[in-house]
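The shown structure was predicted, so the numbers you read here are calculated from the model rather than taken from an experiment. Values below: every heavy atom of this structure, side chains too, minus hydrogens, waters and symmetry copies. Chain naming here is simple, since letters A, B, ... match the order of the sequence lines and numbering starts at 1 in each.
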Amino acid sequence: MNTHPILQFLNEAQCQAVSSDAPALLVLAGAGSGKTRVLVHRIAWLISECGLSPHSILAVTFTNKAAHEMRSRIESLLGRPANTMWVGTFHGLAHRLLRAHARDAELDENFQILDSDDQLRIVKRVVRELGLDENEWQPKQAQWFINAKKDDGLRPKDIQHGGDLFTATMTSIYSHYEQACRQSSLVDFPELLLRAYELLRDNTHLREHYQSRFHHVLVDEFQDTNAIQYNWIKLISGRQNAITIVGDDDQSIYGWRGARIENIHKFQHDNIDCETIRLEQNYRSTSTILKAANAVIANNNDRLGKNLWTSGDQGELISLYAAFNEQEEARFIAARIQDFVNQGNNYSECAILYRSNAQSRVLEEALLQRSIPYRIYGGLRFFERAEIKDTLAYCRLITNSNDDAAFERVINTPTRGLGQKSIEIVRDLARSRQLSMWQAASVVIDEGLLPARAKNGLETFQMLIKNLASEAESMELHQLIDFVIEASGLLEMYLKEKGEKGLARKENLQELVSAAREFDADEFGYNLEDLGEAEVEEEIDPLVAFLSHASLEAGDTQAEKYEDSVQLMTLHSAKGLEFPVVFMTGMEEKLFPHQMSMEDSDDLAEERRLCYVGITRAMKKLYLLHAEKRRLWGKETYPSISRFIREIPKSLIEEVRLNASVSQPAFGRSQLQDSDSGPDGLQLGQMVEHPKFGAGVILNFEGSGPQATIQINFESVGPKRLVLAYAKLTPC
DNA sequence: CTCCGTAGCGTTTTT
DNA sequence: CGCTACGGAG
């Protein structure tokens, strides 16, 4: 037994992972197996035991939350700050590199970051400018295309369209979009990564500098990395440095966003000396819950393989409840939560998970009816609010008047007599003379291309921005923001809004001012004190830093954290969290697995991983719910039970009835029936096809002999009772 | 420019 | 069903 303080209280596999001296280490960390703990302890180990300087450590995560948590846990373990250690998100670190070496990356030193909203606006404009029909060539789709290509490290010139009209058109949009971004010194999220990659790839001096600096690179949630992230990691760590990657192939749920689960296999392949350690002991859930999770995920192929276990006890059976409809599903949950709380527990110990956001509405209503406090994850985040984005758009114009995205956003907000038509004139001129909107505006005024009223508006706008820019030089960041809010007329405009809305907006704007007051560029690593040979260009403007910060850390989704409340969220946002009691709702075919992911086997496997993630969120008690009837987009549907439920051993489930509960149920079976099997080898819960009614699930067998009937829940027409002898059923 | 009516559409989300 | 985005009327 190792008695080293850093290795204390770790199990054997964890100790091995923390103290491994392998140059390439892969830690396959199952849900709830102490993944973050291992990562944090390993870094502390490297510093205090292997004598590595924090300066030579690079740790990468996906979310800001994870990055902050990691740094503070390392520091508290070490008992001292480790400022020189690079800990951050892929995007945050890429941004840091680009700021420090803007010239080498061929970027304007005041470049700003586009969020997906701004990005879509620019794509839309490009599509329009190319004279393409927006219905045929949807900007959303083009945006998706561009991002997917960037995630794969492809520039327009790298794309072979081979005469394919779709690819050719999309590539052309991509190319023009790139041009527009360059014009305005704007960088979107995937561009941050791609640029940072190209920077190191094409600049030997810089690459060698960072390779000799970072002796150990650690990556969290490796299953979520995309192609460019993987290549960036490879580039920055070079051949001589150690890499630790931590991840769980079974929890890869972002394939649709470019994440490459294969990167884990690739890592093993690229590093012949790679050591693999599995963390399979789970400290979160009961063995019942783990068995269910293991059984479900076992249906996927190509896994690296892992079996979660616990030394804890069995705990309660998983409860399965078949509700009549979604309202009843919600009421059942609310009642259970109320019971749970009445027994002396907290609301915050309960989480309600769903596949898609639309499901939350009915759940909210049921909770509201019982006055159960709840908190919804997701939704608008602080820096995404319209009033905040408007204010920041003015600030961006102060920093860089050629920022077309910002220009378009506020040119007529608040209204100053500039309609669609006037803006179109500016836009056209900007395009034909290859100018930014701001530059084009001056030309339009000089050449008298606008009616008097619009011309006035445009001039007022220009004066305003120039005025703000000159004031900016003598003001503190927070004073400036405050001044912008006032002088732009935004505050006045919002206060005119009726109801609470205007006031809420005013409060948010005040919060923005305090955020600016507390903002410290150095603290967020925007100024780099120790780049050594690779020189830092001059000190970053605090406003530029604040704007980048706003884009990179959009802030929390609104919620009063201190209040004890039930947690509502999608299965995706539940990843990484845990709750004593978990309700998984809408366990129905076409909802979960989602209809759009049922055809393709890779998509289906990802849905299954999502289910695995959901199940493993539960610590003590798991409820699975499905409705026999569900209103979807105003239409009644009769969904069949999710295949994932059928993948859980029946011995782990008890079916909840309204007044009693029976263990070892068959799905939808009456309590009196004691066999799963009916005549003709048909089984309860089985999918069958009827020539007239289509597909359905067998609910029950009744009677015997020639009068025997079968009850089937059809997708098209709902539950029906048929005489078995005449029903021409084919199993499917 | 603002307001209102309707056509169209409808996973998952962080940076 | 309920939201958004856009187009026409005032």
Checklist entry - Expressed as a whole number of Å, how far does the C1' atom of C/dC6 sit from that of B/dT11? => result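 After rounding to an integer number of Å, I get 25 Å for this pair.
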
Next on the checklist: Rounding to an integer number of angstrom, what distance separates B/dT13 and C/dG2 when you compare their C1' atoms?
Outcome noted: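 Going atom to atom, C1' in each nucleotide, I get 22 Å.
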
Checklist entry - Under 3.5 Å, is there a donor-acceptor pair between the side chain of A/Arg355 and the main chain of A/Glu607? => result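 A pair under 3.5 Å: no.
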
Checklist entry - Is there a donor-acceptor contact under 3.5 Å from the side chain of A/Gln251 to the main chain of A/Val613? => result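 No, A/Gln251 side chain to A/Val613 backbone: no donor-acceptor pair under 3.5 Å.
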
Checklist entry - Residues two or more places apart in sequence or in another chain: which of them pass salt bridge (charged side-chain N to carboxylate O under 4.0 Å, His left out) with A/Glu636? => result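 Result, salt bridge (charged side-chain N to carboxylate O under 4.0 Å, His left out) vs A/Glu636: A/Lys629, A/Arg631.
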
Item to check | A/Phe111 six-ring face occupied by A/Arg99 cation (under 6.0 Å, within 45°) | outcome: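 Cation-pi check for A/Arg99 and A/Phe111: passes.
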
Checklist entry - Syn or anti for B/dT12, with syn set at within 90° of 0? => result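 Base orientation: anti.
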
Next on the checklist: What contact category does A/Leu114 fall into here, base, sugar-phosphate, or nothing, at under 4.0 angstrom with non-hydrogen atoms?
Outcome noted: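 Here A/Leu114 touches no strand at all.
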
Checklist entry - Are A/Glu191 and A/Arg155 close enough for a salt bridge, meaning some N to O gap below 4.0 Å? => result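 So A/Glu191 pairs with A/Arg155 through a salt bridge.
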
Checklist entry - Charged N to carboxylate O below 4.0 Å: is that the case for A/Lys575 and A/Asp224? => result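 Looking at A/Asp224 together with A/Lys575, the answer is yes, because their closest N to O distance falls below 4.0 Å.
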
Checklist entry - Which letters describe nucleotides 9-15 of chain B, given B = protein heavy atom under 4.0 Å from base, S = only from sugar-phosphate, - = neither? => result -BBBBBB

Next on the checklist: Is it true that A/Gln327 and A/Glu329 share a donor-acceptor pair across their side chains at a distance under 3.5 Å?
Outcome noted: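 A/Gln327 and A/Glu329 do not have a side-chain donor-acceptor pair below 3.5 Å.
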
Next on the checklist: Distance under 4.0 Å to a non-hydrogen atom of chain A counts as contact; along DNA chain C, which nucleotides mark the start and end?
Outcome noted: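 First-to-last contact on DNA chain C, by the 4.0 Å heavy-atom rule, is C/dC1 to C/dC3.
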
Next on the checklist: Tell me whether A/Asp302 at atom CG has more than 12 heavy atoms from other residues, nucleotides or ligands lying less than 6.0 Å away.
Outcome noted: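 It does not: A/Asp302 CG has 12 such atoms or fewer within range.
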
